[in-house]
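Atoms considered below: every heavy atom in the structure, side chains included; atoms not considered: hydrogens, waters and symmetry mates. By convention in this document, chain letters (A, B, ...) are assigned in the order of the sequence lines, proteins followed by strands, and residues within each chain are numbered from 1.
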Protein chains: 2
Amino acid sequence: MNADQDGMRIGSKGRGGAAVGATPVAALGAYIEERGLKHSRQRELIAQAFFESGGHVTVEQLVERCRRADPRVSVATVYRTMKLLAECGLASARQFGDGQTRYEPAAGRAHHDHLICTVCGDIVEFANDRIEALQESIARRHGFEVESHRLELYGRCARCRTARAEEARP
Amino acid sequence: MNADQDGMRIGSKGRGGAAVGATPVAALGAYIEERGLKHSRQRELIAQAFFESGGHVTVEQLVERCRRADPRVSVATVYRTMKLLAECGLASARQFGDGQTRYEPAAGRAHHDHLICTVCGDIVEFANDRIEALQESIARRHGFEVESHRLELYGRCARCRTARAEEARP
DNA sequence: GTCCATGCAAAGCTTTTGCATGTCT
DNA sequence: AGACATGCAAAAGCTTTGCATGGAC
């Protein structure tokens, strides 16, 4: 895949990221059986809520989502299940600056980074091979072997910039 | 300043970053008076500990450092003072993945990013204009106006890579 | 003397954990 | 039946805050 042009708007707010097919939930099932773990209504509920969420969801948001289907889902279970999803490679945890862990789908997806709107909180993903290459060369120059990295750009998205411009000229 | 070659090893573990002169502490003094705040032994102590620290210190580490000079320094005061230093632009807060806020000196320093060793925790700074330029162009392509960004590369530093290689071949 | 800073302890937040109970196989 | 998952509430880790006291101006 060539991401050098960047711009895969993979999972911004409001769009579904679950369209990968029914696969991820099945993959969780496989992982569960493989390890002698057990299926449960909650796990399916949480996995479904997560994969339908479009990514970058907080645990709080997941809890809320799940409770619409079953009000008795506990926070602890959501934490535990998300950890499970992360372990089997279906989710990955991200820390943006706000003190809450966010999860995004990770099933076979290439590495990508984030643009985050400081006004509306919208999160857009992008990937750029040239940046990745530069990172590698910088690391090498310092004797580091890169295992992972993260890049976040914070700023105002198009919509919020427009909004602000209009409000300035009323 | 041309940082395109990157590699300013500004404040790695153990090295002092306070050699900027006696200026930063004075700058804090100015800010304090300007705002009708008050000088105190603790504030000087904390500022000194911070500027001598080489950067990327946690609050916990600062408390420890300060208590060597005066065991009665409270955690709350360190938090409050670091917030003050951040407000007046002398310190900036960073969140790496470990749940603790770290502070680094920020007095008139250009933007830079971090290489973090996942084995020994060493943190090395670098700056690279080409990456910054690419970030700008990506943001523009998405209609974003960048306010700030952060880039962190996680991996094993030269020392830890060597150590591991030796242990494999005994 | 007035206001600000400090210390302490309590409280806030997010996340984790212990334990009795419920559920899957 | 046996092993694992769940819910609840308590606890843990970092940070903030309320309040009485102490210190700066």
Open item on the list: Measuring centre to centre across the rings, with the benzene-like ring taken for any Trp, is B/F126 within less than 6.0 Å of B/H114?
Closed with: no
TODO: Please state whether the phosphate of D/dT15, meaning OP1 or OP2, lies under 4.0 angstrom from any side-chain nitrogen or oxygen of B/Y79.
DONE: yes
Task: Distance-only donor-acceptor test, A/R41 side-chain atoms vs C/dG22 base atoms, 3.5 Å - done: no
- [ ] Give a yes or no answer on whether the side chain of B/E44 reaches the backbone of B/R41 with a donor-acceptor pair at less than 3.5 Å.
- [x] no
Open item on the list: For D/dG7 and A/Q42 - does any side-chain N or O of the residue sit under 4.0 Å from the phosphate oxygens OP1/OP2?
Closed with: yes
Task: Along DNA chain D (nearest heavy atom to each residue), the more 5'-positioned of B/T101 and B/R80 - done: B/T101
Open item on the list: I need the CD-P distance between B/E44 and D/dA24, as an integer number of Å.
Closed with: 11 Å
Task: Length of the CG-C1' vector between B/L37 and C/dT2, whole Å - done: 15 Å
TODO: Hey, which sits more toward the 5' end of DNA chain D by its nearest nucleotide, A/S74 or B/A76?
DONE: A/S74
TODO: Indicate yes or no for a side-chain donor-acceptor contact from B/T81 to the backbone of B/V78 under 3.5 Å, with no hydrogens or angles considered.
DONE: no
Task: Separation of D/dC14 P from B/Y103 OH (nearest whole Å) - done: 14 Å
Open item on the list: Categorize A/V73 for me: base, sugar-phosphate, or nothing, with a 4.0 angstrom heavy-atom threshold over every strand shown.
Closed with: sugar-phosphate
TODO: Could you check B/G36 against B/D70 and say which one's nearest nucleotide on DNA chain C is further toward the 5' end?
DONE: B/G36
Open item on the list: Distance alone, cut at 3.5 Å: any donor-acceptor contact between the side chains of B/H112 and B/E104?
Closed with: yes
Open item on the list: From CZ of A/R72 over to P of C/dT23, roughly how many Å is that when rounded to an integer?
Closed with: 7 Å
TODO: Among C/dC24, C/dT14, C/dC3, find the nucleotide with the atom closest to the side chain of A/K38.
DONE: C/dC24
- [ ] Give the rounded distance in Å between these two atoms: CD of B/Q61 and P of D/dC14.
- [x] 12 Å
Task: Atom-pair distance (CD on B/Q100; C1' on D/dA12), nearest Å - done: 13 Å
Open item on the list: Please tell me if B/S40 has a side-chain N or O lying less than 4.0 Å from either OP1 or OP2 of D/dA24.
Closed with: no
- [ ] Decide yes or no for A/D113 and A/E125: does some side-chain heavy atom of the first lie under 4.5 Å from some side-chain heavy atom of the second?
- [x] no
Task: Rounded interatomic separation in angstrom, taking CG from B/L62 and P from D/dC14 - done: 14 Å
Open item on the list: On the nucleotide D/dA5, are OP1 or OP2 found under 4.0 Å from the side-chain N or O atoms that A/R43 carries?
Closed with: yes
Task: Protein-nucleotide distance (A/L84, atom CG; C/dT15, atom P), rounded to Å - done: 17 Å
